[in-house]
Amino acid sequence: MLSTRAPAKINLTLHVLGRREDGYHALESLVAFSGAGDTLSLTPGDALSLDISGPTSTAAGAGDDNLVLRAARRLAEEIRGLRLGRFRLEKRLPVAAGIGGGSSDAAAALRLLAKANHLAPDDPRIIEVARAIGSDVPVCLDPRARMMRGAGETLGEPIRLPLLPAVLINPGAPVATGPVFAALGLRSGAMREGAAHSDIAAQPSADELLAALARGRNDLEDAACLQAPVIVDALAMLRGARGCRLARMSGSGATCFALFSTRREAVRAASVIRAQHPGWWVKTAVLR
């Protein structure tokens, strides 16, 4: 049995530059990953199947639309004789949460199939399938911090982040990505005004990174808050936490994150939020 983790993807910034002629939105985002997330395993074999368990398994769905199965089938179409097998997904990340849970699962499936079939992780066919499955899948193939541009197809070199303790919270409100982007009201070919993204060094210090992040933004935050007003409450909780240096929404929501100087501060903040909102998904993480 082969196994890999499918970590949460966190958009530390998310600038929407405009909408391209092909209908996709042009993005610029600094992406990082948590140390934990879902776990996917594969027992190689001829038949393809998927078993899902875990606290968020019901929302993930095990049908043909599951991204693990879609990625596997698409790769089998590209590579004749591809060995498939039985996938087992331990689903812990919330669904429709702005942290790329399904995309990370799909990327994990492609990594496992590459290993089972002795393919290079950067095999062009794997990368092409990742792009076809979803905009966030390519950046999740090699889950390390980096800039992501375009519709997710242009990736920068890995960035070595400083120690970045964080608290991740999701108030339990699923947010559909389509309506959030639609609320921007951009027609094809239209560009948006906004400050350019700050350059990020290959190995920034904590102060350099926080300064660059403070100049950034998530252009989907306002639209997502209108769709799920509880995001406003989540952000207020994080920004009011002792030691919080920056709080922002990830992706199209509703998951929000806060960055702290020390792990102790992050653990303390998570404990307070968890006590006040026992129904929320609250996790500490070190982003990388």
Side-chain angles (χ1 to χ4, degrees), residues 1-10 24 31 33-146 148 150-155 158 174 176-178 251 288:
M1 180 185 294
L2 306 174
S3 183
T4 188
R5 63 185 180 89
K9 167 208 59 87
I10 305 299
Y24 287 100
V31 174
F33 292 86
S34 70
D38 300 336
T39 300
L40 185 68
S41 62
L42 171 66
T43 302
D46 294 332
L48 175 64
S49 64
L50 172 64
D51 297 325
I52 305 181
S53 59
T56 59
S57 58
T58 301
D64 288 345
D65 283 340
N66 186 282
L67 293 184
V68 169
L69 293 176
R70 287 175 56 189
R73 292 193 177 104
R74 188 66 177 261
L75 190 62
E77 292 173 0
E78 294 290 327
I79 302 177
R80 186 174 181 179
L82 185 78
R83 194 179 189 196
L84 298 170
R86 183 177 185 178
F87 285 102
R88 294 181 182 271
L89 176 61
E90 178 71 15
K91 191 70 184 170
R92 303 183 188 92
L93 297 176
V95 177
I99 52 177
S103 296
S104 194
D105 294 342
L110 293 174
R111 290 197 302 274
L112 291 177
L113 289 171
K115 190 170 185 178
N117 289 274
H118 308 290
L119 301 172
D122 59 351
D123 186 298
R125 295 168 294 184
I126 292 176
I127 295 173
E128 184 60 31
V129 168
R131 290 174 176 171
I133 295 299
S135 297
D136 283 338
V137 180
V139 76
C140 294
L141 281 175
D142 179 12
R144 292 183 288 173
R146 68 184 76 223
M148 177 179 74
E153 74 278 9
T154 303
L155 303 178
T177 300
R288 48 177 64 85

Query raised in the report: Mind checking whether Leu110 and Leu75 have side chains closer than 4.5 Å, heavy atoms only?
Result: yes

Query raised in the report: Can you check whether Leu82 reaches Leu119 side chain to side chain, under 4.5 Å on heavy atoms?
Result: yes

Requested in this report: Compare every heavy atom of Arg5 with every heavy atom of Gly35, then report the nearest pair and how far apart it is.
Outcome: O-NH1, 3.7 Å

Identify every side-chain donor-acceptor pair in residues 127-139 under 3.5 Å, counting partners at least two apart or on other chains, and give the distances.
| unit_1 | atom_1 | unit_2 | atom_2 | d |
| --- | --- | --- | --- | --- |
| Arg131 | NH2 | Glu153 | O | 3.3 |
| Ser135 | OG | Ala151 | O | 3.1 |

Report summary line: Correct closest heavy-atom pair for Ile126 and Ala120 would be CD1-O, 3.6 Å

Report summary line: Between Glu90 and Gly54, the two heavy atoms sitting closest are OE2-CA, 3.5 Å

**Report entry** Distance (rounded to the nearest 0.5 Å) between Ser104 OG and Leu67 CG
**Finding:** 10.5 Å

Query raised in the report: Val68 and Asn66: which non-hydrogen atoms are nearest, and at how many Å?
Result: N-OD1, 2.9 Å

Query raised in the report: Once you round to the nearest 0.5 Å, how far does CG of Leu84 lie from OG of Ser49?
Result: 10.0 Å

Query raised in the report: How long is the gap from CD1 on Ile79 to CG on Asp123, to the nearest 0.5 Å?
Result: 5.5 Å

Query raised in the report: What closest approach, in Å, do Leu93 and Ala6 show between heavy atoms, and which atom pair accounts for it?
Result: CD1-O, 3.8 Å

**Report entry** For the student: nearest non-hydrogen atoms of Cys140 and Ser103, plus distance
**Finding:** CB-O, 4.1 Å

**Report entry** Approximate separation, where rounding is to 0.5 Å, of Asp64 CG and Arg70 CZ
**Finding:** 10.5 Å

Query raised in the report: Under the side chain to side chain donor-acceptor pair (under 3.5 Å) rule, what pairs show up with a residue in residues 35-44, not counting sequence neighbours?
Result: Asp38-Lys91, Thr39-Arg92

Requested in this report: Apply the test side chain to side chain contact (heavy atoms under 4.5 Å, CB included) to residues Phe87 and Ile52: give CA-CA distance (whole Å), side-chain angles for both, the deciding distance (0.1 Å), then the verdict.
Outcome: CA-CA 8 Å; Phe87 285 102; Ile52 305 181; over 6 Å; no

Query raised in the report: Which residue pairs pass the side chain to side chain donor-acceptor pair (under 3.5 Å) test with at least one member in residues 108-121, sequence neighbours excluded?
Result: Thr4-Arg111

